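Notes to accompany the following structure.
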Amino acid sequence: MLDHAQNRPELPPEIARRRTFAIISHPDAGKTTLTEKFLLFGGAIQMAGQVRAKGEARRTRSDFMQMEKDRGISVSASAMSFDFGTYRFNLVDTPGHSDFSEDTYRTLTAVDAAVMVIDGAKGVESQTRKLFEVCRLRDLPILTFCNKMDRESRETFDIIDEIQQNLAIDVTPASWPIGRGAEFIGCYDLLRNRLELMDRADRNKVGETIVLDGLDDPAMEAHIPADLLAQLREEVEMARELLPPLDPKSVLEGHLTPIWFGSAINSFGVKELMDGIAAYAPQPQIQKAENRQIAPEEDKVTGFVFKVQANMDPKHRDRVAFVRLASGHFERGMKLLHVRSKKQMSIASPVLFLAADRELAEEAWAGDIIGIPNHGQLRIGDALTEGEALRFTGIPSFAPELLQACRAGDPMKAKHLDKALTQFAEEGAAKVFKPVFGSGFIVGVVGQLQYEVLASRIELEYGLPVRFEPTQFTSARWVAGDKLAVEKFTAANKQHMATDSDGDPVFMTRLQWDIDRVARDYPDIRLTSIKEMHGT
Ligand code: G4P
């Protein structure tokens, strides 16, 4: 298929063949199943079932993971790389639960496109909508996969209409389903004029593909019952009249989403979607830094940390920083400047995540995601370069929506608590504030569930039972302004002040009135609910 994403012919072929994307969906729509089929067709696993099986083996390692399993959510993200034809796909997993939206947002800073999976019977669900909005903030191109077509589903036009109305994005069909539910037999590929038939007998086998000479080709009659064929011809004619054509530029700009219909569990429509990602999702994109933009084809290696995952193996207390390479050709053993600490780091054992395993990354290119094991030096927003003091922008930290005090069951263990909370703050799992007055910590999160996850991780990883309790504060805002003004403000509002884990001043209150008062009384101070994390 033609590669429509070749909009920048100057890119070296190794970079141009990369597609870095995430899957967004509501729980249960089929993200895991689709991921597994991607890996299967990408040759990264040999048989279906491996991802889940491995996932479960990993999960039994800890209660925290057990909790995740019980609740049926995925709170940890990982990145997987695999080849598809001449392409290299990097799939970054997004956490599925809405309480972890900040993590999701940052994950989406590392990708160039998103695949939106919806359930053909349910349409656009709440979590899909939230994730879609995050993609929109970044104008990410979106490709849509309408899954579970082997089951009773909605009318095709209704599904398309709902996406257009609900998400305010134009939709163009890349394929058109034939029959519904038990009668579903496959799709007509509108991009290549092919008939694709689903193989219900073997879930891991791709069904027959018949190349046709358009919808009127008499060969269709041999494969499709007359009533379904008449319906298909009528619907496709209407769709071509009413819906926009597939304009690759509109897709890249995020105004138009092509939709494929299929059934992940039956391996149906998955290869077509993968061809679609190769053809319509972008090559590694330009990344923004302070003062300049970073083009992927630049010779020198640059990258930024968008996620830190601690204790992937609780026995070793290791942390893996996930780095999106923004430019250059990375080779194992390279020395890179860690811009925040101004220190050189020798990247001796970077990992690539192939399926559910880690593998040493001998080399990587712009667009790739590599994992760098470390002992806490690497934090979200940090830049790695070959010497330039770059600061990547657009990796935000949001003010938390909930605040609670965290106390250790055993007061003698305050030091351990400090260490544990610092780790979670650096991992981006919570905001940790130290009030100017009083002792203890105030922990900020987006959703209540995060407190439970934190409490169980602190107990599990540090052997420290903790309680979360309400505080007198409900909102936190970062204080911005010139140094003197901030100092003056801090001195005059000590009972409201705290510092975050980077030592930056934070104003806490329970009243909007207080925030308004600051705006009125301190014109040279700004209270902000977003802080850029660029590793300063
Ligand atoms: P998620 O990661 O988005 O949460 O979804 P997941 O892939 O786990 O799929 C959710 C359920 O939907 C699973 O069933 C899965 O087998 C099923 N499923 C996925 N794709 C299709 C499809 O194309 N057609 C049909 N009919 N079902 C599909 P489960 O019963 O929850 O799990 P399992 O016992 O099958 O593993």
Side-chain angles (χ1 to χ4, degrees), residues 22-38 41 48 72 94 96 114-132 135 142-191 194-200 203-204 206-207 224-225 227-229 231-232 234-236 238-239 242-243 246 256-277:
I23 301 181
I24 58 170
S25 65
H26 193 84
D28 243 24
K31 187 174 78 168
T32 312
T33 312
L34 184 64
T35 301
E36 187 169 273
K37 295 297 159 88
F38 278 175
F41 295 141
T94 51
V115 170
M116 173 166 77
V117 179
I118 59 172
D119 180 327
K122 297 191 176 142
V124 176
E125 295 176 87
S126 58
Q127 188 62 13
T128 324
R129 189 174 311 114
K130 278 194 198 149
L131 290 164
F132 180 88
C135 294
I142 295 181
L143 284 72
T144 304
F145 185 70
C146 184
N147 191 28
K148 305 199 187 183
M149 294 306 291
D150 58 317
R151 282 213 203 137
E152 240 3 275
S153 64
R154 295 193 188 169
E155 293 270 354
T156 312
F157 278 110
D158 286 352
I159 295 169
I160 292 177
D161 221 43
E162 188 185 306
I163 299 170
Q164 300 199 131
Q165 299 298 328
N166 224 308
L167 303 179
I169 186 167
D170 286 333
V171 179
T172 183
S175 68
W176 199 268
I178 307 167
R180 288 215 308 281
E183 283 203 314
F184 177 76
I185 57 168
C187 280
Y188 183 74
D189 182 335
L190 290 162
L191 305 179
R194 300 189 329 191
L195 184 61
E196 283 138 9
L197 300 174
M198 188 170 84
D199 188 339
R200 279 192 194 252
R203 288 182 154 188
N204 292 320
V206 177
I224 311 177
D227 55 332
L228 290 183
L229 182 56
Q231 189 186 349
L232 171 70
E234 192 184 324
E235 287 182 350
V236 169
M238 261 174 77
L242 297 173
L243 298 168
L246 208 175
L256 175 71
T257 180
I259 185 169
W260 283 263
F261 294 84
S263 168
I265 197 111
N266 287 294
S267 309
F268 180 75
V270 177
K271 274 205 165 139
E272 288 71 25
L273 174 65
M274 292 173 92
D275 284 336
I277 294 168

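Being a predicted model, the structure only gives us computed values, none of them experimental.
- Of the possible donor and acceptor atoms, none in the side chain of Ser153 sits under 3.5 Å from a partner among the backbone N and O of Met149.
- Separation of atoms OG (Ser175) and CG (Asp189) is listed at 7.0 Å; rounding is to 0.5 Å.
- Side chains of Lys31 and Ser25: no donor on one and acceptor on the other come within 3.5 Å.
- Side-chain N or O atoms of His26 include none that pairs as donor or acceptor with a backbone N or O of Glu125 at under 3.5 Å.
- To the nearest 0.5 Å, atom CD1 of residue Ile160 and atom OG1 of residue Thr172 are 8.0 Å apart.
- Residues Leu256 and Ile169 form no side-chain contact, since every pair of their non-hydrogen atoms from C-beta on lies 4.5 Å or further apart.
- Arg151 contributes atom CZ, which lies 9.0 Å from atom OG of Ser263 (distance to the nearest 0.5 angstrom).
- Checked against a 6.0 Å centroid threshold, the rings of Phe268 and Trp260 do not count as neighbours.
- The minimum heavy-atom distance between Ile159 and Cys146, with the atom names listed, is CD1-SG, 3.9 Å.
- Rounded to the nearest 0.5 angstrom, Leu229 CG and Ile185 CD1 are separated by 9.0 Å.
- Across all non-hydrogen atoms, the minimal contact from Phe132 to Leu167 is CE2-O, 3.3 Å.
- In this structure the side chain of Met238 reaches within 4.5 angstrom of the side chain of Phe157, judged on heavy atoms.
- Looking at residues two or more places apart in sequence or on another chain, you find no side-chain hydrogen bond (donor to acceptor under 3.5 Å, both in side chains) involving Arg200.
- With contacts defined as side-chain heavy-atom distances shorter than 4.5 Å, the pair Met116/Ile163 qualifies.
- The salt bridge (Lys or Arg N to Asp or Glu O under 4.0 Å) check on Asp150 picks up nothing, with sequence neighbours excluded.
- The structure places CG of Leu273 at 10.5 Å from CD1 of Ile259, a figure rounded to the nearest 0.5 Å.
- For Lys37 against Asn266, the heavy-atom pair with the smallest separation is NZ-N, 4.3 Å.
- Listed by chain and residue number, Val124, Arg154, Asn166 satisfy the side-chain contact (heavy atoms from CB on, under 4.5 Å) test with Glu162 (two or more places apart in sequence, or in another chain).
- Considering only residues two or more places apart in sequence or on other chains, Ala264 meets the side-chain contact (heavy atoms from CB on, under 4.5 Å) condition with Thr33, Leu34, Phe145, Asn147.
- Cys187 SG to Glu272 CD: the interatomic distance, rounded to the nearest 0.5 Å, is 8.0 Å.
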Query raised in the report: Where do Thr257 and Thr144 land on the side chain to side chain donor-acceptor pair (under 3.5 Å) test, with the steps shown first?
Result: CA-CA 6 Å; Thr257 180; Thr144 304; 2.7 Å; yes
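- In this structure Asp158 satisfies the side-chain contact (heavy atoms from CB on, under 4.5 Å) test together with Glu155, sequence neighbours excluded.
- In this structure a side-chain-to-backbone donor-acceptor pair under 3.5 Å is present from Gln164 to Val171.
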Query raised in the report: How far apart are the C-alpha atoms of Thr128 and Ile118, what are their side-chain angles, what is the distance that settles it, and do they pass the side-chain contact (heavy atoms from CB on, under 4.5 Å) test?
Result: CA-CA 8 Å; Thr128 324; Ile118 59 172; 4.0 Å; yes
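- Annotation for Val206 and Ser267: closest pair CG2-O, 4.2 Å, computed over non-hydrogen atoms.
- When every heavy atom of Ile142 is checked against every heavy atom of Cys135, the shortest pair comes out as CD1-CB, 3.7 Å.
- Scored by the side-chain contact (heavy atoms from CB on, under 4.5 Å) test, Asp28 finds no partners at all (sequence neighbours excluded).
- Leu243 and Pro173 get closest at one heavy-atom pair: CD1-CD, 3.7 Å.
- Residues Ile178 and Leu195 meet the side-chain proximity criterion, which asks for heavy atoms closer than 4.5 Å.
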